[in-house]
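Taking it in order: structure first as structure tokens, then the write-up.
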Amino acid sequence: MKQLKNIIFISSSLLLLSIFVIYYLLTNYNLDSKKVEAQKLEGIISKKESKLFEKGETIFIDDCKVCHVMKYRGHNFLNDIFKRVDSSYFKLYITKQDSLIKSDDKYAIETKKNFGNNGMIHSFKYNNEEIKALLDYLK
């Protein structure tokens with residue numbers, strides 16, 4: 001009988017310890033993820049305050065918003081664009097999309113098809129500073 005009481009006591013203690021450890025891990029994980037979220041938001045806010053970002057946003061509103069929704073708002077083909085293409089290709093695409101299509105570039109052709117083969121072609125005449133600003137805004 002005494003052995004049974006000891007087994008029950010040890011089992012109960014292990015169960016309580018396990019619950020405490022799980023609770024501790026969950027609450028600490030949650031705090032860490034909140035810190036990461038806060039750091040990301042701080043980065044976005046400080047980036048939004050930069051002159052380069054503002055210039056990129058102005059370019060986007062003037063030239064891109066007609067077809068693409070604003071950054072951080074709903075579906076936008078440009079979300080995560082730099083996970084699909086690098087900056088140098090993006091620069092080429094927005095300034096010479098017609099040349100890419102004529103040279104049978106698969107990505108340019110596929111993108112055009114995904115947008116219903118509409119008549120819009122990206123052939124903007126941006127200088128290097130404007131492109132850098134637009135890239136800063138979109139990243």
Side-chain angles (χ1 to χ4, degrees):
M1 186 70 159
K2 189 172 183 169
Q3 237 179 0
L4 183 60
K5 286 183 181 181
N6 285 340
I7 291 173
I8 292 173
F9 176 76
I10 291 171
S11 297
S12 299
S13 298
L14 286 174
L15 180 63
L16 285 173
L17 181 63
S18 298
I19 291 171
F20 175 75
V21 168
I22 291 170
Y23 174 78
Y24 178 78
L25 290 173
L26 289 175
T27 55
N28 279 343
Y29 173 76
N30 208 7
L31 289 176
D32 289 343
S33 65
K34 295 293 182 194
K35 287 178 188 175
V36 170
E37 285 178 37
Q39 288 171 344
K40 284 181 183 177
L41 287 174
E42 287 173 6
I44 291 169
I45 291 168
S46 65
K47 189 174 185 180
K48 281 185 174 184
E49 294 171 350
S50 79
K51 295 292 181 197
L52 193 61
F53 183 92
E54 288 176 11
K55 184 172 186 164
E57 183 178 35
T58 300
I59 292 168
F60 184 90
I61 289 169
D62 292 346
D63 296 339
C64 310
K65 187 179 173 189
V66 174
C67 299
H68 303 280
V69 297
M70 290 296 288
K71 186 174 181 176
Y72 309 120
R73 294 192 182 115
H75 172 73
N76 182 349
F77 181 74
L78 296 173
N79 283 347
D80 297 326
I81 185 67
F82 299 108
K83 290 181 180 176
R84 296 188 299 274
V85 300
D86 63 15
S87 297
S88 59
Y89 183 88
F90 183 80
K91 177 182 175 180
L92 187 62
Y93 188 86
I94 64 173
T95 57
K96 296 181 169 87
Q97 180 187 5
D98 54 344
S99 298
L100 288 171
I101 291 171
K102 287 176 188 172
S103 68
D104 292 328
D105 180 83
K106 289 180 183 181
Y107 184 82
I109 292 169
E110 185 68 28
T111 302
K112 185 112 172 103
K113 282 181 189 175
N114 288 340
F115 277 90
N117 287 317
N118 67 26
M120 294 298 293
I121 292 286
H122 298 94
S123 58
F124 298 103
K125 306 293 183 220
Y126 297 131
N127 63 38
N128 285 335
E129 183 184 330
E130 291 168 324
I131 289 173
K132 187 175 179 182
L134 188 55
L135 291 174
D136 188 64
Y137 173 72
L138 291 173
K139 286 184 178 177

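In summary, the side chains of D105 and S103 do not present any donor paired with an acceptor at a separation below 3.5 Å, with no hydrogens or angles considered.
Atom NZ of K125 sits about 12.5 Å away from atom CD of E130, to the nearest 0.5 Å. For the atom pair CZ of F82 and CZ of R84, the computed distance is 9.5 Å after rounding to the nearest 0.5 Å. In this structure, L92 CG and Q97 CD are separated by 10.5 Å, a value rounded to the nearest 0.5 Å. Expressed to the nearest 0.5 Å, how far CG of L52 lies from CG of D136 amounts to 4.0 Å. For the atom pair I131 CD1 and L134 CG, the distance stands at 8.0 Å (nearest 0.5 Å). The CG atom of N127 lies 12.0 Å from the OG1 atom of T95; values are rounded to the nearest 0.5 Å.
Note on ring orientation: taking the six-membered ring where Trp is involved, the planes of Y137 and F60 are tilted (angle from 30° to 60°). Taking the six-membered ring for Trp and thresholds of 30 and 60 degrees, Y93 and H122 have ring planes inclined between 30 and 60 degrees apart.
Taking 4.5 Å as the limit, every side-chain heavy atom of I59 sits out of range of all side-chain heavy atoms of F124.
For NZ of K132, the number of neighbouring non-hydrogen atoms (other residues, nucleotides, ligands) closer than 6.0 Å is 12 at most.
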